[in-house]
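These notes concern the structure reproduced below.
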Amino acid sequence: MMPRPLPAAPASAVRRPARRASVALAILLLAGCSGPVRIVKLDQQDAYNWLNRSALTGDRLSETTRTVLRRHNLSQSYAYYPSETIAVLHAEVVGHPDAWSDLFALAELSYATAEKEQSPARYLAAAIYAYAFLFPEPGGERPNPYDPRFRQACDLYNMALTMALSPPGGGEVSARPGGYHLPFGTIDIAMDQDRLEWGGRKLGGFIPTGTTKVIGLRNQYHRPGIGAAVAAQVIRSDSAVRGMQVAPRLRIPASFVLTIPAPRRQLASGSLHGTLAVYDIFDSASVAIDNQPVPIEYDQTAARVISLGQTPILRNEINAFLYGDLLNTSPRLVGLEPHRKGRMPVVLIHGTASSNVRWADMINDLLEDPQIRAHYEFWAFTYASGAPIPYSALTLRDTLRQALAALGGKASDPALGHMVLIGHSQGGLLAKMLVIDPGDALFRKLSKRPLDQLKLDEESRTLLRRGLFPTPMPEVERVIFIATPQRGSYVAAFSAARLVARLVTLPLAVTKAGASIVTGNADALTFDPSRFRVGSIYGMSPGNPFIKALADTPVAPGIHAHSIIAVQGNGPAESGDDGVVKYKSAHIGGVDSELVVRSGHSTQSNPVTIAEVRRILLVQLAADCPALGCAGAVTVAQ
């Protein structure tokens, strides 16, 4: 098909270059000996920007594309008739093997024109040209990866495909099979429906992330490759695991990739076909094109932040602390992805008046380690943090047992028997209650008589027995304490903290048990019944008999324990604190490791804290890999 002749440029356009030529001639005459060819010295930044400019960075084309236009005598016509000029260049390049490198110019010109016209057909054409430039037919020579056009062509493909699939004005990507119009023909796109399944659930609600900027997290992770990066919603099914649910707003890093067999040959026909598929970061690091692996583009952090949504974090944390039972804030175990066999659970337990959002930086960083991403999965426990510590620990235990039973337990998946608990602040105390075997030592600190000899209703007796006589959970292999008040927090003893504690609304069962033990058992109690108070704040006061007994109880044999202790300033750690917990309170013996981090109490996002958690997880992975059949060697940073 011959391209139609280009219209003549407007007369004004002819006059303007003539005037500019006259001015240029006058300057040359004034310059005397100066020649028309010379070198202009640029600083490093300007030189780099000049070499790497393209339609992706502004309204100016790359120098390589401008060279192509000049070489084909199309520079002036493109300025006034871009669509017609692209058609002429298409005819001069497509089907001519010696001109295949000029496909990059067609991709950039199409993208620049699509930006001005907001044309989905032009965007799709840009993606196809870029793909044909990058991936010739089998046996064809691929572009030099050191050529700046190589990376720019990847970006043109990614951005153009994103815009081609997005509705006008933005919104979720609309991925559908069928025929699509192109400026030079048509393309029939098939959908790989199997890839819309993930972890037994459907993927949908694809939000483009290629044009997002993350605010609020320390690090933004982006994996370069090809593909229209999106945050894919994991659509919940009716069959939720009892005791655990996948995060309701969960979105995972994913990417759409359009593959076109023999793209250069298909371009010459004008009638193309290809396959559109979505890939996720957990299962697909690359896509095979002509039997060669090509990395896939992902925006990991953007997808995680979109999952967090616009939750009013602070208000929710305070309400859950004060009014958890009234607001029906039942304990929840939230998985950041559906469980997949072979992955060991890492259970994150937040502290007082806090929430799972506080783990965002740690999760974001840890999931960037391919060894951790391949062998661990993160579960987050949410609870009403104003309730007594034994009660909250009991709900954690019950919730974990329900989830493990629903997943078939370690008999079904041995990885479930290698659980790691990570508790921050009060969360560390909840975790400790699951890894100790105190017998009746905790209860004897509260009562001079055995539980069975106290005057209690049976419901209260059962609750006290289950809460104050814990045993180690057999599935827990390791526990990490972060800024944990093992011997109480000095802040909990302040009058202001006690005043806040009185405002806490406790679960009815706890209130009933507290009243039941005080009424009729005053002679058996080790404390003054008139000063008896129930709640996590009172339980973390340094003089509280419960916290003293818990501190004296060691972690059960066979369970690995680690302490990460925050201390502010540069003074001696032994006399320091993190603003809430003193080092002397957080320090306990019998742990595998202890690390002091110079930080305030909220140290979950501190890079040193995260690096230590990563090290500990890799230590466990190296020890457990032989039993779990992990592939490859595990690298542990010392």
Side-chain angles (χ1 to χ4, degrees), residues 214-221 300-301 304-305 307-308 313-314 317 336 346-369 371-373 376 378-381 385 420-432 478-486 489-491 540 560-588 591-621 636-638:
V214 170
I215 296 175
L217 292 185
R218 277 189 317 113
N219 301 320
Q220 180 167 1
Y221 294 105
Q300 305 93 285
T301 304
R304 293 164 193 154
V305 170
S307 292
L308 296 176
I313 299 169
L314 185 59
E317 291 174 349
L336 300 187
V346 177
V347 183
L348 305 169
I349 312 158
H350 65 74
T352 308
S354 188
S355 73
N356 295 329
V357 175
R358 305 297 176 175
W359 297 105
D361 272 310
M362 180 177 289
I363 294 170
N364 186 44
D365 285 357
L366 291 177
L367 283 176
E368 286 309 301
D369 187 301
Q371 298 176 107
I372 290 176
R373 187 171 60 248
Y376 288 99
F378 291 87
W379 300 355
F381 181 66
S385 58
V420 180
L421 305 180
I422 303 180
H424 173 255
S425 194
Q426 182 190 162
L429 300 176
L430 270 59
K432 188 174 184 183
R478 198 172 299 265
V479 61
I480 303 175
F481 303 114
I482 300 179
T484 298
Q486 306 281 4
S489 167
Y490 65 91
V491 173
M540 287 185 288
H560 300 277
H562 306 265
S563 288
I564 300 175
I565 302 175
V567 175
Q568 296 182 118
N570 298 316
E574 293 75 12
S575 59
D577 62 73
D578 62 13
V580 176
V581 179
K582 293 182 179 180
Y583 170 86
K584 292 180 179 179
S585 173
H587 170 76
I588 57 172
V591 297
D592 290 29
S593 66
E594 176 184 288
L595 178 70
V596 173
V597 179
R598 295 295 173 170
S599 167
H601 186 62
S602 296
T603 189
Q604 306 97 305
S605 61
N606 186 291
V608 179
T609 299
I610 296 171
E612 175 66 358
V613 171
R614 176 183 178 273
R615 183 193 69 82
I616 294 168
L617 293 180
L618 293 179
V619 165
Q620 171 159 318
L621 183 58
V636 181
Q638 300 299 323

Kindly give the heavy-atom pair with the smallest separation between Val608 and Asn606, and that separation in Å. N-OD1, 2.8 Å

Asp361: partners by salt bridge (charged side-chain N to carboxylate O under 4.0 Å, His left out), with sequence neighbours left out: none

Salt-bridge criterion met for Glu368 and Arg304 (N-O under 4.0 Å): yes

Nearest 0.5 Å, please: how far is CG in Asn364 from OG in Ser605? 11.5 Å

Rounded to the nearest 0.5 Å, what separates atom CD in Glu594 from atom CD1 in Ile588? 8.5 Å

Side chains of Leu217 and Val305: does their closest heavy-atom pair fall under 4.5 Å? yes

Scanning both residues in full, the closest heavy-atom pair of Ala483 with Asp578 reads CB-OD2, 3.7 Å

Do Lys432 and Gln486 make a side-chain contact, defined as non-hydrogen atoms from C-beta onward lying under 4.5 Å apart? yes

Do Leu617 and Asp369 come within less than 4.5 Å of each other through their side chains, counting heavy atoms only? no

Quick check: do Ile482 and Met362 have side-chain heavy atoms less than 4.5 Å from each other? yes

I want to check something: taking the side chain as every heavy atom from C-beta on, are Pro485 and Leu429 in contact at a cut-off of under 4.5 Å? yes

Rounded to the nearest 0.5 Å, the NZ atom of Lys584 sits from the CD atom of Glu574 at a distance of 9.0 Å

Are any non-hydrogen side-chain atoms of Ile610 and Leu366 less than 4.5 angstrom apart? yes

Side-chain donor/acceptor pairs under 3.5 Å, residues 560-569, sequence neighbours excluded:
| from | atom 1 | to | atom 2 | distance (Å) |
| --- | --- | --- | --- | --- |
| His560 | ND1 | Asp592 | OD2 | 2.7 |
| His562 | ND1 | Ser593 | OG | 2.7 |
| His562 | NE2 | Arg478 | NH1 | 2.9 |

For Leu421 versus Ala431, what's the shortest heavy-atom pair and its separation? CD1-O, 3.9 Å

Quick test of your reading of the model: are Asp365 and Arg614 salt-bridged, counting only N-O distances below 4.0 Å? no

Hey, which of His601, Gln604, Arg358 is the one that makes side-chain hydrogen bond (donor to acceptor under 3.5 Å, both in side chains) with Ser425? His601

Any side-chain heavy atom of Ile372 within less than 4.5 Å of one from Phe378? yes

Ignoring hydrogens, what is the shortest heavy-atom contact between Ile349 and Phe381? Give both atom names and the distance. CG2-CD2, 4.1 Å

